[in-house]
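Right, one structure below, let's go through it.
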Amino acid sequence: MDVSWILDNLNEPQRQAVTAPLGPLRVLAGAGSGKTRVLTRRVAWLLAVENASPWSILAVTFTNKAAAEMRGRVEAMLEQPLGGLWIGTFHGIAHRLLRQHWQDSGLPRAFQILDSDDQNRLVKRVLRELGLDEKKWPPPAAAAFINHCKDEMQRPADVVDDGKPARRQNQRIYAAYQRECDRVGLVDFGELLLRAYELWRDRPELLAHYRERFQHVLVDEFQDTNTVQYQWIRLLSGGQGDVFIVGDDDQCVYGWRGSKVENIQRFSTDFPGAQTLRLEQNYRSTGVILQAANALIAHNARRLGKNLWTDAGDGDPVRIYAAFNEVDEARFVAERIRQWTENGGQRQETAILYRSNAQSRLFEETLLGMGLPYRIYGGLRFFERAEIKDALAYLRLVANRDDDPSFERAVNTPPRGIGARTLDLLRDAARADSSSLWQAAMRLINNHGLGGRAAHAVRRFLDLIEMLDASTRERPLPERVSAVITHSGLRAMYEEDQADKGEMRVENLDELINVTVRFIAHIDPVIIGAEPTPMDWLNAFLAHAALESGERQAGAGEDCVQLMTLHMAKGLEFALVFLVGWEEGLFPHSRSAADERQLEEERRLAYVGLTRARQHVYLCHAEQRRWYGRESPQSPSRFVREVPETLTQDVRARAKSRTQTLTAAPPTAAAPGGLQPRQRVRHAKFGEGVVLAVEGEGYHSRARIDFPAAGGPKWLVVAYAKLEPV
DNA sequence: TTACGCTTAAACTTG
DNA sequence: TTAAGCGTAA
């Protein structure tokens, strides 16, 4: 058979990976080494050469985006739909299993998925019920504890009591929270994975069935797996079988979310006979950028080891810009982007990558001021918007009256006179006979346990939900959603909202109806089952809303400068990249500095940043930065130093002043601004110092000054620095 | 029940 | 600096 189409344009290691004999295989795929290509070709290889049935293949990714891309590429390559082939996220596949085996999983047929917002709300309520002070036990911390336990496959009973009161208390909270979820049929994200694991672990006949079926398992971004994901894959494959994993231990940057970089490292011991292949040829960046990235990541101790190379030539040095302060940094970056576009470069080929979102503001302002269109990634996603969550809360009450998080959200949105006082009464009543808020509300009304006014308001709310359900029960999903948006009063509330966002929110509510139409057209038959009732459609849609919260909000269209965090940039590439705020405390973040493991993760993030660039990369740091409203001296990140000097070039004077430096007098002569080398000066923050050198003229004339008290020499822009002669 | 001023704290974010 | 959460006042 002619299989050349599968092997076209593959280099030797890629070809080895695609054609590898069946069995456990670990592919260490460096940044830009053709990882997705290898994964999709491997699927084609299994189908075309190994004669695998689509039914026997399971491909797992982390994000919906990656899953969609993989499905699209494989379908395009094979020019046929993929039938029984399962491609999806860990959560999506776990969800599918639980829907199919809800009884064996101990779940109600119409179980609902809690997103992290709902989870926080529920945790809050549990804390209140346990009589715990929210100041002392912040709900997000308790939720984090619960999620961490589930990542680590620990049920409340498995939490080891180390005698510490905090842990004991968290364990109690976890147990109470889980009782609540189980009572009402709510499943959080961690629960999806853990239940799916337990389903197979506790039902040998089911496990045998899926082992028989999924002869071929492929996992993308394996370095990001957490414990339960890892053990789930291990359980399915029985530690052998055809398991094809792809990942890069140097790009594991989600440790704080449960990812265990050890998983990709221990694969070879847990899967006996596993082979390892390395994809090290990079098709993205210049030689200098790769050498810089290699040198930086070499400072990490716990690595499998890998060296990226290219035959594309060295390219430009890594440019380092020491800005005076954050304003200067932003101005420099914007100015360079302007030059890039003047030389014919596209704005969308440029990216400003920062460690934390708070850094974006100044870049935004500066780009706006210069009239450069930009796009910020990191806003809310469609299903996370307040108005959408409002509408979903009503829908969820329609689906399940006992859904307390939704009850709390919907009950006074729009305001209908049911305030904190009344809600407290409902909560107390619900806790007293461990029922849902809905049931408590009904009882209180019947027992006249509420004041006349409150009772009337609550009754109207209950009637509203019942009406929404009854009147649309047999109608198609889009009509039900439309009815909820209108009769709940949400549409009217946002229409009356004179504030800037009201109009957009109404548009979003309308878009929600369109989303349901598209959802129905693309439904996964396994999820919806045969002969679905309208209620099945509603439940499936609600699960969809929780699992696929949509693209992150982004600004204007057209050709834009791209602004995002380093985390969001993973997987993307740009011709020109600015890595900004490379200062100790900011990057690496001060919270990571003390711990070696976390520091290594920060370094991997730096590695991710560098390897985003195809042609040009700038490392920027400021000598001084206004941060949290305080002005503070900053020192360059250790990561700047970890890039060998032979690969870097300091950017000093502006392009404009380059001609000036050519004609400028030697630095021993009197310098502009009245500063001269060896002169002693005083700076408000850095104390006394000695001028080492001066360059440039006018607004951007800069001086290198040694401040012994502030940790050594710094470049300062004379116009900003307010230096006093001593 | 809502509105305003005070206190506090501040990474990264998939499903 | 800013945004969110909370207690007190209207």
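Here the structure is a predicted model, which is why all the values come from computation and not from measurement. So you know, we letter chains A, B, ... as the sequences are listed, proteins then strands, and number each from 1.
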Across the strands shown, which category fits [X] at heavy-atom distances under 4.0 angstrom: base, sugar-phosphate, nothing?
| X | result |
| --- | --- |
| Asn357(A) | sugar-phosphate |
| Arg630(A) | nothing |
| Leu353(A) | nothing |
| Phe189(A) | base |
| Ser549(A) | nothing |
| Gln119(A) | nothing |
| Gln229(A) | nothing |

Hey, does the side chain of [X] come within less than 4.0 Å of [N]'s phosphate (OP1/OP2), counting only N and O?
| X | N | answer |
| --- | --- | --- |
| Arg591(A) | dC12(B) | no |
| Thr565(A) | dT13(B) | yes |
| Asn64(A) | dT14(B) | no |
| Arg257(A) | dA11(B) | no |

Which nucleotide in [options] has an atom nearest any side-chain atom of [X]:
| X | options | answer |
| --- | --- | --- |
| Arg626(A) | dA11(B), dT1(C), dG15(B) | dT1(C) |
| Met568(A) | dA11(B), dG15(B), dT13(B) | dT13(B) |
| Ser116(A) | dT13(B), dG15(B), dA11(B) | dG15(B) |
| His91(A) | dA3(C), dA11(B), dG15(B) | dG15(B) |

- Query: What's the spacing between Leu98(A) CG and Glu198(A) CD if we round to 0.5 Å?
  - Reply: 10.0 Å
- Would you give the length of the straight line joining atom CZ of Phe587(A) to atom CG of Leu619(A), rounded to the nearest 0.5 angstrom? 10.0 Å
- Query: Which sits closer to the 5' end of DNA chain B, Ala420(A) or Glu384(A), going by the nucleotide each is nearest to?
  - Reply: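 Of the two residues, Ala420(A) wins.
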Please give, in whole Å, the distance from [N] [atom2] to [X] [atom1]?
| X | N | atom1 | atom2 | result |
| --- | --- | --- | --- | --- |
| Arg603(A) | dA11(B) | CZ | P | 22 Å |
| Glu602(A) | dC12(B) | CD | C1' | 8 Å |
| Asp220(A) | dG15(B) | CG | P | 13 Å |
| Phe382(A) | dG15(B) | CZ | C1' | 18 Å |
| Ile93(A) | dG15(B) | CD1 | P | 13 Å |
| Glu365(A) | dT1(C) | CD | C1' | 11 Å |
| His148(A) | dG15(B) | NE2 | P | 21 Å |
| Tyr354(A) | dC12(B) | OH | P | 10 Å |

- Donor-acceptor pair present, Gln359(A) side chain and dA11(B) base, under 3.5 Å: no
- Could one point to a donor on the side chain of Ser590(A) or the base of dA11(B) with an acceptor on the other under 3.5 Å away? no
- Taking atom types as modelled and ignoring hydrogens, do the side chains of Asn539(A) and Gln112(A) form a donor-acceptor contact shorter than 3.5 angstrom?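 Distance-only check passes for Asn539(A) and Gln112(A).
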[X] ring over [N] six-membered base ring, under 5.5 Å and 30°:
| X | N | result |
| --- | --- | --- |
| His589(A) | dA11(B) | yes |
| Trp256(A) | dC12(B) | yes |
| Tyr628(A) | dA9(B) | no |

- Query: Does Phe111(A) have Arg99(A) sitting over its ring (NZ/CZ under 6.0 Å from centre, angle to axis within 45°)?
  - Reply: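 The answer is yes; both the distance and angle limits are met.
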- Message: I want to check a possible cation-pi pair here: Arg257(A) against Tyr254(A), using under 6.0 Å from ring centre and within 45° of the ring axis as the test.
- Response: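 The answer is yes; both the distance and angle limits are met.
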- Message: Can you confirm whether or not the ring centre of Tyr210(A) sits under 6.0 Å from the ring centre of His101(A)?
- Response: yes
- Message: Would you say the ring centers of Trp256(A) and His567(A) fall short of 6.0 Å from each other?
- Response: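 Close enough - the centres of the two rings lie under 6.0 Å apart.
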